[in-house]
Asker: 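Before I ask anything, here is the structure I am working with.
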Amino acid sequence: MRCFVALLTLFALPSLLLAATPFTVDDMLRVSNATIADVSADGRWVALAAGTLEDRLGIDNHRFGDPTYLPPGRMDLLVIDTQTGASRKVFPERTQVRSAKWSPDGSRLALFVLRGDAFQAAIWDRASGKLTSLTPPGGMSADESSEPVWTNDNARVLIAARPADWREKARARFRAETEGPIVFHSSTEPFLAWIDVRRMAQQRTVFAFEAATGKATEAVPASTTLASYRLAEDGSFVIVNQEIVKKTDYDSLGAGEARVDLRKLDGSPVRTLLPSTKGLTLIWSRDLKTYAYSKEGAVYVASVDDKEPKLVAGKKKEAAKEPAPAESADKPEKKETFTAVRLSPRGDKIVVSNKEGLWLVSVATSAKELIVKMPEDDKLAPRYQVLEFSPSGDAIYLSYASRTQWERGVSRYDVASKKLDSLLRDGRTYQSMHLSRDGSRWVYAAHTNNHPAEVFTADASFRGERKLTDLNPQLAEKALAKTGLVSYLDADGKKQYAVLYYPTNYEAGKKYPTVFNIYEQFFDDTYNGTINILTANGYAVVQPSVEFETGFPGEAWAKGVTAAANKIVEMGVADPEKLGVQGTSYGGYATNLLITQTNRFKAAINISGKVNMISFYTDSPRLGVRNIHAPEKSQDRLGATLWQQPQKYIQQSAIMYADRIKTPLLLMTGEQDHNVPPRQAMEMYYALRRLGKDVAWVSYINGGHGMPTTTVDEVRDYHRRILDWYEQHLKKDKKPADAESGTGQQ
């Protein structure tokens, strides 16, 4: 419905569009985006960080992986009264701030603020506006990567700190790895060097600072493996995760294996709750006195006083005595595979999920009831996700998302009546949903129709909504693209969706050069600066969805993107002779693979995308095991090691089929990209040159992954080259708008 209304407005009121001015790179640099840092316990006060792309320029990509490096990120830290909408700045000028957290009474904010080349912990008083520094003892420095944690009485705040010599040692280690002059690595070392560098950031001590005096008392002693810590609601103990990984783990990404300890603040002996988190998905109740985890399809719950966890859903996996018959993999067996989702505030109930939907389980009796039916194999059924329990645990809030139209919202399940009611449902897309601790108020971000999100508040039932921000009033004068949700069948006959961004000068019945911006799944018409640059210059832009089968990622784009192109051509929007395709990162990889399989596109752009799965496989050492894990177990979806399935690595490498490429290709890289190294593009560039193909390569020497973010000039150059490439191959007889000066083609 929203799509229809948007298009009706678009066609009925062309004069409004003509009055608007084209969207330019300069506009994109100044679009403000907000992050909800925290909401006070009573929902009265919101801490909000707002910044622009321009505020984040100047990144030194040469220092990627340096644990001491602090990339730029200025912002306005705003405090907003949800009752009146009144807003004030915490600092008069845009400042780099991290992890602002309200005291329980909402009178103060604990935060980290950049001072010189390091972050300093501080407390900001809402009434006086005074900022008081918190200085760790012994020359130690605040750990800005952690979050301040307040005690319930508002009297103390826990802050992690690093040793006085940590910065010097970590920086020296980084320099040794990058500057040498001699670097030596050996398989006898337990960790890959760059993982070892990152692990240096775990050298931390946690202090409890008196809010009134700034006096610091040690709460968690110094540790070289402190992964995380959480303070119990009653302030009596801290849950500490100590990393216990002994060597590089090639089977997992992110948080490593940890030991979970309970440390009382009265000095009692430390007690281990879980000797290892390996293979577990661990969640906690709000009071931190109950935890739950999933293991091999079963869900277990325990209080911090229990000796053994209790099985509440699924079946404990027994050691297999002999191979199970094929019939054991039927649907009834799979229904008994559960995942822990959310514990109630006091840990007496837990939401778990399986292929049927979401279940509410009583921890005491293990009795469970299906609260939301959500069949896993029904890809078009609405999707629900648990947002929060009410503080009393008598209600569960869930996000709602249609998979067939732009309809989003929030529902509430009443535990007593076993009824699911819709509280909010409309065409907006919601994100960052915060329910105040007392359960009285929501604060959330929402956007619609290719516009940046704004922040709103409403009561617990989403009544009396108030808009709290107007971050981008300048966009009212800009012609941002109108959007539509388009359905189509891929080559396998499966229904897919694409998001269509119309040219800002769109006229029904006229065919336009069309760019397909590809990655994986697309459904929401989120704001995208580069897309709006393209639509301002007379292009339609389509973001199509694809469906993957492990082992054959290249087929997904061939089956899905070409089918989406058929649909947009059939609609009369796209000129079939003027189709382009582009993607960034995994989308760049997709773009290069796609043009080895079809000649349908007249221009292609691969931005920071790999082309050779074999050379990529063990590359990018600063990412640790990421580029090994991706093809074996995650995004690249090859499903095996190089030595188990070498043919898959060959089949899914565009470089192996470069001779088939007829589409003119622009390669865009950052020389300091340690995600997809620029030598990937270099391989394709020299291969296509050798084959006499139409290819160009632009390398931003100081750039990283994706669009360069070092200088304004580089951002402008990046968009100019994209426009020029499509101008040359999709328009030819027309001159592109000047993205740098702000003039747009209408």
Asker: For the residue pair Asp105 and Ser107, confirm or rule out a side-chain donor-acceptor distance under 3.5 Å.
Answerer: yes
Asker: Does the side chain of Lys101 come within less than 4.5 Å of Val149's, by heavy atoms?
Answerer: no
Asker: Do the side chains of Ile59 and Tyr69 get nearer than 4.5 Å, heavy atoms only?
Answerer: yes
Asker: For Tyr718, is there any backbone N or O sitting under 3.5 Å from a side-chain donor or acceptor partner on Tyr700?
Answerer: yes
Asker: Describe, in one word, how the ring planes of Phe456 and Tyr444 are oriented to each other, choosing from parallel (under 30°), tilted (30 to 60°) and perpendicular (over 60°).
Answerer: parallel
Asker: Could you walk me through whether Lys246 and Glu257 pass the salt bridge (Lys or Arg N to Asp or Glu O under 4.0 Å) test, one step at a time?
Answerer: CA-CA 9 Å; Lys246 301 300 182 184; Glu257 181 183 3; over 6 Å; no
Asker: Check whether any side-chain heavy atom of Phe64 lies under 4.5 Å from a side-chain heavy atom of Leu623, and answer yes or no.
Answerer: yes
Asker: With sequence neighbours excluded, what pairs up with Ile239 under the side-chain contact (heavy atoms from CB on, under 4.5 Å) test?
Answerer: Phe237, Asn241, Val260, Leu262, Leu273, Trp284, Leu288
Asker: Do Ser276 and Ile244 have side chains that approach each other closer than 4.5 Å (heavy atoms only, starting at C-beta)?
Answerer: yes
Asker: Could you tell me if the side chain of Gln242 sits less than 4.5 Å from the side chain of Ser223, heavy atoms only?
Answerer: yes
Asker: What's the verdict on side-chain hydrogen bond (donor to acceptor under 3.5 Å, both in side chains) for Arg626 and Ser620, showing C-alpha distance, side-chain angles and the deciding distance?
Answerer: CA-CA 8 Å; Arg626 189 268 179 191; Ser620 302; over 6 Å; no
Asker: Do the charged groups of Glu233 and Arg437 touch, with an N to O distance under 4.0 Å?
Answerer: yes
Asker: Please check if the side chain of Ser608 supplies one atom and the backbone of Gly706 the other of a donor-acceptor pair under 3.5 Å.
Answerer: yes
Asker: For Gln431, is the CD atom crowded, meaning more than 12 foreign heavy atoms sit under 6.0 Å from it?
Answerer: yes
Asker: What are the two closest non-hydrogen atoms of Glu144 and Leu70, and how far apart are they?
Answerer: OE2-CD2, 3.5 Å
Asker: Using distance alone, with no hydrogens and no angle criterion, decide if Ser440 and Asp438 have a side-chain donor and acceptor under 3.5 Å apart.
Answerer: yes
Asker: Please step through side-chain hydrogen bond (donor to acceptor under 3.5 Å, both in side chains) for the pair Tyr527 and Asn33, ending with a clear verdict.
Answerer: CA-CA 11 Å; Tyr527 161 80; Asn33 294 288; over 6 Å; no
Asker: Is it the case that the side chain of Asp261 and the backbone of Val240 share a donor-acceptor pair, with hydrogens and angles ignored and the cut-off at 3.5 Å?
Answerer: no
Asker: Do Trp442 and Glu465 come close enough that some side-chain heavy atom pair is under 4.5 Å?
Answerer: no
Asker: Just wondering, are more than 12 heavy atoms of other shown residues or ligands nearer than 6.0 Å to CD in Gln474?
Answerer: yes
Asker: At their closest point, which heavy atom of Leu343 faces which heavy atom of Thr290, and how far apart are they?
Answerer: CD1-O, 3.7 Å
Asker: Could you tell me if the ring centre of Tyr430 sits under 6.0 Å from that of Phe462?
Answerer: no
Asker: Indicate yes or no for a side-chain donor-acceptor contact from Arg286 to the backbone of Pro391 under 3.5 Å, with no hydrogens or angles considered.
Answerer: no
Asker: Look at the side chain of Arg342 and the backbone N and O of Phe389, then say whether any donor-acceptor pair between them is shorter than 3.5 Å.
Answerer: no
Asker: Are the charged groups of Arg88 and Asp81 less than 4.0 angstrom apart, N to O?
Answerer: no
Asker: In plain terms, say whether Arg94 and Asp76 are close enough for a salt bridge, that is, a side-chain N and a carboxylate O under 4.0 Å apart.
Answerer: yes
Asker: For the pair Ser40 (side chain) and Trp45 (backbone), establish whether a donor and an acceptor sit closer than 3.5 Å, ignoring hydrogens and angles.
Answerer: yes
Asker: Does a side-chain heavy-atom distance below 4.5 Å link Val245 with Lys278?
Answerer: no
Asker: In terms of side-chain geometry, is the basic nitrogen of Arg162 or Asp143 positioned less than 4.0 Å from the acidic oxygen of its partner?
Answerer: yes
Asker: Below 4.5 Å, heavy atoms only, C-beta onward: do Glu671 and Asn702 meet side chain to side chain?
Answerer: no
Asker: Thr95 side chain to Val97 main-chain N or O, any donor-acceptor pair under 3.5 Å?
Answerer: no
Asker: Looking only at side chains, do Thr709 and Arg56 share a donor and an acceptor under 3.5 Å apart?
Answerer: no
Asker: Check whether more than 12 heavy atoms from other residues, nucleotides or ligands sit under 6.0 Å from atom NZ of Lys467, and answer yes or no.
Answerer: yes
Asker: Quick one: does Ser103's side chain have a donor or acceptor within less than 3.5 Å of a partner on Arg108's backbone?
Answerer: yes
